[in-house]
Amino acid sequence: MAAPRDAESQKADIRKDVQNYYGQVLKTSKDLQTNACVTVARPVPKHIREALQNVHEEVTLRYYGCGLVIPECLENCRILDLGSGSGRDCYALSQLVGEKGHVTGIDMTEGQVEVAKNYLDYHMEKYGFQTSNVTFIHGYIEKLAEAGIQNESYDIVISNCVINLVPDKEQVLQEVYRVLKHGGELYFSDVYASLELPEEIKTHKVLWGECLGGALYWKDLFFLAQKIGFCPPRLVTANLITIQNKELERIIGDCRFVSATFRLFKLPNTGPTERCQTVYNGGITGHEKQLIFDANFTFKEGEIVEVDEDTAAVLKNSRFAQDFLFRPIGDKLPASGGCFVLESKDIITDPFKLAEDSNKKPKCASSVAGGCCGKKRSC
């Protein structure tokens with residue numbers, strides 16, 4: 001009888017299988033067996049569309065994903081993109097952070113990293129920068145220290161449907177927590193399961209490649225976030241995933257999957273924060289009149305909104321602090337509009353509930369970029 005393989009060997013096998021799936025099996029998005037990576041994203045804000053139009057054609061063509069995971073308030077920020085692929089999102093972000101900001105992309109597929117590096121000078125000249133503000137690294141997102149990424153060196157970390165492809169999600173989140181500054185944020189889209197996955201799903205090569213075999217049970221994200229030190233995850237968008245293969249449907253059985261975007265904040269330990277009234281000052285690029293912060297809170301310029309303790313802590317101790325006024329409950333605020341009463345609001349944390357509720361509502365325009373889980377596949 002053969003000796004059982006150790007955990008590291010199993011992880012190496014999964015990496016190899018994923019690289020093969022995206023390097024050899026899939027040629028175009030039409031080869032996918034599910035819509036995990038082609039769920040419809042919300043409309044992209046104008047300033048992001050314009051930034052994407054400035055990205056070199058080959059970089060865009062080599063990007064095989066569909067969605068964007070680009071949060072708000074990016075000027076002068078340092079951003080790390082996990083699973084950056086050909087660099088499309090990095091080059092778009094480099095315009096949004098400006099010449100004083102910086103964007104780093106890390107990807108495990110060397111060919112994709114080389115494509116991205118080929119256009120550093122092109123984009124620097126295109127944007128009129130004196131020096132490039134983008135760096136690309138060949139490495140693993142669960143081993144950021146080995147890639148030379150220092151403690152507390154980034155304001156924001158983004159990831160678009162990549163964490164599910166890594167066997168050890170806790171290690172990825174722990175590394176992200178390490179490299180984020182206090183007040184920093186992980187803004188990421190990924191695939192989640194409605195229950196703990198059985199071995200038949202977790203060991204299926206095609207389901208791994210389709211982002212389903214490695215999907216985290218959604219409640220486990222909240223457990224891991226608390227264990228590592230993040231604030232409770234904030235749900236932004238969610239879309240149900242459908243299977244377009246009868247054989248895969250049989251294997252999956254009663255398990256359901258959803259593509260969801262969450263925000264995770266690493267905040268300084270400042271003690272308990274009380275509920276308060278907030279007023280959005282407006283002015284964040286692309287969100288001047290309205291900031292859709294997540295699925296539960298939308299802030300309109302000049303309008304009073306009562307927020308819970310967790311939301312108050314995030315807004316007061318992150319890069320958004322300068323964009324809000326804060327007052328104790330009951331204080332008169334110099335703002336127009338009414339106050340949204342927190343007690344009448346049901347806070348949604350379940351991505352399946354949000355996806356189901358969204359399907360019942362008529363589609364409308366939104367300024368949130370995300371909710372679509374797209375990867376940068378090797379080719």
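Only this structure's heavy atoms are used, side chains among them; waters, hydrogens and symmetry mates stay out.
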* **Thr237 versus Thr261, side-chain donor and acceptor atoms under 3.5 Å** => yes
* Asked: Residues in salt bridge (Lys or Arg N to Asp or Glu O under 4.0 Å) with Glu199, at least two apart?
  -> Lys202
* **side chain to side chain contact (heavy atoms under 4.5 Å, CB included) partners for Pro268, two or more places apart** => His182, Thr270, Asn317
* Structure fact -> Residues passing the side chain to side chain contact (heavy atoms under 4.5 Å, CB included) test with Lys46, sequence neighbours excluded, are Arg49, Glu50
* Can you check whether Glu301's main-chain N or O pairs, donor with acceptor, with Glu303's side chain at less than 3.5 Å? -> no
* From NZ (Lys117) to CD1 (Ile137), nearest 0.5 Å -> 8.5 Å
* Distance under 6.0 Å and angle within 45° of the ring axis: does Arg263 meet both against Phe293? -> yes
* Asked: Would you say His204 and Leu248 make side-chain contact, with heavy atoms under 4.5 Å?
  -> yes
* Only pairs at least two apart or in different chains count here, so list each ring-ring contact (aromatic ring centres under 6.0 Å, His included) that has a residue in residues 150-178. => Tyr177-Phe230
* Got a sec, which residues hit ring pair (Phe, Tyr, Trp, His ring centres under 6.0 Å) with Phe136, two or more places apart in sequence or on another chain? -> Tyr91
* Side-chain contact test, heavy atoms from C-beta onward, threshold under 4.5 Å: evaluate it for Cys255 versus Leu197 and give yes or no. => yes
* Pairing of Glu58 and Arg88 as salt bridge, 4.0 angstrom limit -> no
* ring pair (Phe, Tyr, Trp, His ring centres under 6.0 Å) involving Tyr127 - partner list, sequence neighbours excluded -> His123, Phe129
* **side chain to side chain contact (heavy atoms under 4.5 Å, CB included) involving Asp310 - partner list, sequence neighbours excluded** => Pro232, Arg234, Asp308
* Could you check Asp107 against His138 for side-chain contact (heavy atoms from CB on, under 4.5 Å), going step by step and ending with a plain yes or no? => CA-CA 5 Å; Asp107 199 275; His138 177 228; over 6 Å; no
* Is Thr311 reaching over with its side chain to a backbone N or O of Val307, donor-acceptor style, under 3.5 angstrom? -> no
* To do: Output all residues satisfying ring pair (Phe, Tyr, Trp, His ring centres under 6.0 Å) with Phe188, sequence neighbours left out; order by chain, then residue number.
  => none
* **Donor-acceptor pair, side chain of Thr278 and main chain of Val305, under 3.5 angstrom** => yes
* **side chain to side chain contact (heavy atoms under 4.5 Å, CB included) against Ala321, all qualifying residues, sequence neighbours excluded** => none
* To do: Kindly write out the residues that satisfy ring pair (Phe, Tyr, Trp, His ring centres under 6.0 Å) with Phe324, not counting sequence neighbours, or none if the list is empty.
  => Tyr280, Phe299
* Asked: Is there a donor-acceptor contact under 3.5 Å from the side chain of Glu142 to the main chain of Asp168?
  -> no
* **N/O donor-acceptor pair under 3.5 Å between Glu309 side chain and Glu274 backbone** => no
* Mind checking the SG-CZ spacing from Cys276 to Phe326? Nearest 0.5 Å is all I need. => 6.0 Å
* Asked: Do the side chain of Ser86 and the main chain of Val59 share a donor and acceptor less than 3.5 angstrom apart?
  -> yes
* Asked: Is it true that Arg319 and Glu185 have a side-chain N and a carboxylate O under 4.0 angstrom from each other?
  -> yes
* Hey, does the side chain of Ser189 reach the backbone of Val69 with a donor-acceptor pair shorter than 3.5 angstrom? -> no
* Please report the C-alpha distance between Asp190 and Asn164 in whole Å, then the side-chain angles of each, then the deciding distance to 0.1 Å, and finally whether the side chain to side chain donor-acceptor pair (under 3.5 Å) criterion is met. => CA-CA 7 Å; Asp190 213 51; Asn164 72 84; 3.1 Å; yes
* **Beyond-backbone contact of Phe262 with Val236, side-chain heavy atoms, under 4.5 angstrom** => no
* For Gly214, does its backbone N or O pair with a side-chain atom of Lys169 as donor and acceptor, under 3.5 Å? -> yes
* Asked: Heavy-atom distance under 4.5 Å between the side chains of Val179 and Glu152, does that happen here?
  -> no
* Ile141 and Met108: side-chain contact (heavy atoms from CB on, under 4.5 Å), yes or no, with the steps? -> CA-CA 8 Å; Ile141 67 172; Met108 71 175 182; over 6 Å; no
* If you measure from CD on Glu175 to CD1 on Ile149, what distance do you get to the nearest 0.5 Å? -> 8.5 Å
* Report yes or no: does Lys300 contribute a side-chain atom to a donor-acceptor pair with the main-chain N or O of Lys289 at less than 3.5 Å? => no
* Residues forming a salt bridge (Lys or Arg N to Asp or Glu O under 4.0 Å) with Asp155, sequence neighbours excluded -> Lys181
Mind listing the side-chain donor-acceptor pairs of residues 217-227 below 3.5 Å, one per line with the distance, residues two or more places apart or on another chain?
residue	atom	partner	partner atom	Å
Lys227	NZ	Glu170	OE1	3.3
Lys227	NZ	Glu170	OE2	2.9

